[in-house]
There are 2 protein chains.
Amino acid sequence: MKDFNVRDQVARAAVELFAEKGYATTSVQEVVERAGVTKGAMYHYYRSKDDLLFGIYERMLTLQREHLDEIIARGLPTAEALRMACIDVIETSIDSLQEGTVFFRSVHMLSPERQREVTRRRREYNDAFATLVRNGQREGLYRDDIPIAVLVANFFSDIHYLSNWYKPGGTESQTEVAEQITDLFLKGIAAT
Amino acid sequence: MKDFNVRDQVARAAVELFAEKGYATTSVQEVVERAGVTKGAMYHYYRSKDDLLFGIYERMLTLQREHLDEIIARGLPTAEALRMACIDVIETSIDSLQEGTVFFRSVHMLSPERQREVTRRRREYNDAFATLVRNGQREGLYRDDIPIAVLVANFFSDIHYLSNWYKPGGTESQTEVAEQITDLFLKGIAAT
DNA sequence: GGAGCGAAACCGACCGCTCGGTATGTTAGC
DNA sequence: GCTAACATACCGAGCGGTCGGTTTCGCTCC
C-alpha cells in the first residue's frame with residue numbers, strides 16, 4: 001500500500017501553486033516537483049495542464065451543486081432554505097479558499113469548450129439559487145423593486161470576493177463570517 | 001499632426017486584449033497589431049509588458065482615490081457621503097468594466113514590488129472607505145454587531161464582481177444599477 | 001526659405017530561453 | 001511475459017525583449 005496517491009498529490013500541488021502564483025506562471029515542472037513526482041508520472045494520469053485546471057472547476061461545481069440540491073430537496077420553507085443555502089456555500093467556499101482563488105481568476109485560461117461548460121454549470125447553479133429568491137418574492141418575503149439578477153449578483157459577489165480578504169486562523173470562525181454575510185444579504189433583500 | 005497617439009493606442013489595445021483573453025495569454029505582438037503599431041514603437045514608449053499592465057492599475061487606483069477624496073472633502077453628513085461614494089465608485093467601475101476585469105484578475109501577474117504597491121494603495125482606499133462606515137457607526141447609523149472589515153468587504157465584493165455579470169447596453173442603466181446595489185448594501189448595514 | 005543636423009520616433013529581424021508535451025526506456029506486480 | 005506505472009531526455013514552438021539601422025521632426029543659421 002502506497003502512502004500517497006499520485007493523482008491526488010498532483011491535484012493538491014496544482015491548486016496550491018495556481019492559487020499562489022497563477023495558472024499561467026506556474027510550470028508543469030513546478031507542479032510535479034511540489035507533488036514529489038516526475039513529469040512522466042503526471043502525464044500518465046493527466047492528459048494536459050488544462051486537465052489539472054479543469055479538475056479544480058469540476059470538483060467545485062459538483063460539490064456546490066450537490067449541496068444546493070440537497071438543501072432544496074428538503075422542502076423547507078423558503079426563508080430557511082435560502083438562509084441555509086447561503087451559509088452553506090460560504091462555509092464551503094471558506095473550506096476551499098485556494099480553489100476559489102483559482103476558480104474566479106483563471107476561467108479564461110481553460111480551453112473554450114471547457115469555459116463554456118463552466119459557464120453553463122454556473123448558470124444552472126445561479127438559476128437554482130435565483131428560483132429560491134423568486135419564490136421568496138412571491139411569498140412577499142423579499143423586495144421585488146430590484147431585478148432578481150441584481151439581488152443574486154449581490155450575494156454571489158460575496159462568495160467571489162471571499163478569497164480576497166478572508167484569512168483562515170483569524171479571530172473570526174468561518175461560521176461566524178458565514179452568518180454575518182448571510183445576514184447582511186438577507187437584510188438587504190428583505191421586503192420593506 | 002497625427003491622428004493618433006501611440007502610447008494611448010497601445011494602452012487601449014492592451015486593456016481590451018487583457019480583458020478578453022487574459023494578460024498571460026496575450027502576446028506583445030497581438031497588442032501592437034491591434035494598436036496598429038510595431039513592437040519597436042511600443043518598446044520605445046514602454047519598458048516592458050509589465051508596464052502595460054501596471055498602467056491599468058495606476059489609472060484605476062488614481063481615479064478612484066481622487067473621486068473618494070473629493071467626496072469626503074465636501075464634508076457632507078456621513079450617510080450622504082457614504083451613499084455618494086458607493087454610487088460613484090459603482091458608476092466609475094461600470095465606465096471601466098474592461099479595466100475592472102483586468103484589475104481583479106491579474107494582480108498576481110505584476111512584478112512583486114508593483115503588487116505590493118497596488119495592495120498598499122487599495123488598502124488606503126479601503127481604510128478611507130472604512131472610516132466613513134466607522135463614523136456612521138459612532139453616529140448610530142449603522143450596525144456594529146458585525147466587524148467593520150466584513151461590512152466593507154460586503155460592499156467591495158460588489159465592485160469586484162460587476163465585470164462578471166453587468167453587460168452594458170442592457171435594460172438597466174448604470175445609474176439604476178448603482179443605486180440598487182448601494183441600496184442593498186446600505187439596507188444591510190443599517191442599524192436595527 | 002531651405003540646407004544642415006541632432007535627437008526623437010520608429011522599424012523589423014533576431015536571440016535566448018522557457019515551457020508544454022512526447023517518445024522511448026525501465027521497473028514492478030500479477 | 002505482459003501491462004500499468006513510472007522515469008528521463010528531448011523537441012519545437014512561441015515568447016519577451018533587444019539592437020542596429022532608418023525615417024521623421026524640430027530647430028538653427030545663413
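Predicted model only: the values in this text are computed from it and were never measured. Throughout, a chain's letter reflects where its sequence line sits, starting with A, and its residues are numbered from 1. Only this structure's heavy atoms are used, side chains among them; waters, hydrogens and symmetry mates stay out.
- At C:dC10, none of the side-chain N or O atoms of B:H44 fall inside 4.0 Å of OP1 or OP2 (strictly under the cut-off).
- When the side-chain nitrogen and oxygen atoms of B:Y46 are compared with OP1 and OP2 of D:dG17, none of them lie within a distance under 4.0 Å.
- The existence of a salt bridge linking A:R65 and A:E70 is excluded, since no basic side-chain nitrogen approaches an acidic carboxylate oxygen closer than 4.0 Å.
- Atoms CD (A:Q9) and C1' (D:dC6) sit 15 Å apart, rounded to a whole Å.
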Considering only nitrogen or oxygen atoms on both sides, find all protein atoms under 3.5 Å from nucleotides 16-22 of chain C and state each distance.
{"residue": "C:dG20", "atom": "OP1", "partner": "A:T26", "partner atom": "O", "Å": "3.3"}
{"residue": "C:dG20", "atom": "OP1", "partner": "A:K49", "partner atom": "NZ", "Å": "2.8"}
{"residue": "C:dG20", "atom": "OP2", "partner": "A:V28", "partner atom": "N", "Å": "2.7"}
{"residue": "C:dG20", "atom": "N7", "partner": "A:K39", "partner atom": "NZ", "Å": "3.3"}
{"residue": "C:dG21", "atom": "OP2", "partner": "A:Y43", "partner atom": "OH", "Å": "2.7"}
{"residue": "C:dG21", "atom": "OP2", "partner": "A:K49", "partner atom": "N", "Å": "2.8"}
{"residue": "C:dG21", "atom": "N7", "partner": "A:K39", "partner atom": "NZ", "Å": "3.0"}
{"residue": "C:dG21", "atom": "O6", "partner": "A:K39", "partner atom": "NZ", "Å": "2.6"}

Subject >> A:E30 and A:R34: CA distance, side-chain angles, deciding distance, salt bridge (Lys or Arg N to Asp or Glu O under 4.0 Å) verdict >> reply: CA-CA 6 Å; A:E30 287 176 289; A:R34 176 164 307 194; over 6 Å; no
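- A:D51 and A:R114 are joined by a salt bridge, as a carboxylate oxygen and a charged side-chain nitrogen come within less than 4.0 angstrom of each other.
- Note on residues 150-172 of chain A: no pairs pass salt bridge (charged side-chain N to carboxylate O under 4.0 Å, His left out), not counting sequence neighbours.
- If you take CD of A:E33 and C1' of D:dT8, they are 14 Å apart, rounded to a whole angstrom.
- Counting only residues at least two apart or in different chains, salt bridge (charged side-chain N to carboxylate O under 4.0 Å, His left out) contacts with residues 77-89 of chain A comprise A:R83-A:D183.
- The CZ atom of A:R105 lies 4.0 Å from the NE2 atom of B:H108; values are rounded to the nearest 0.5 Å.
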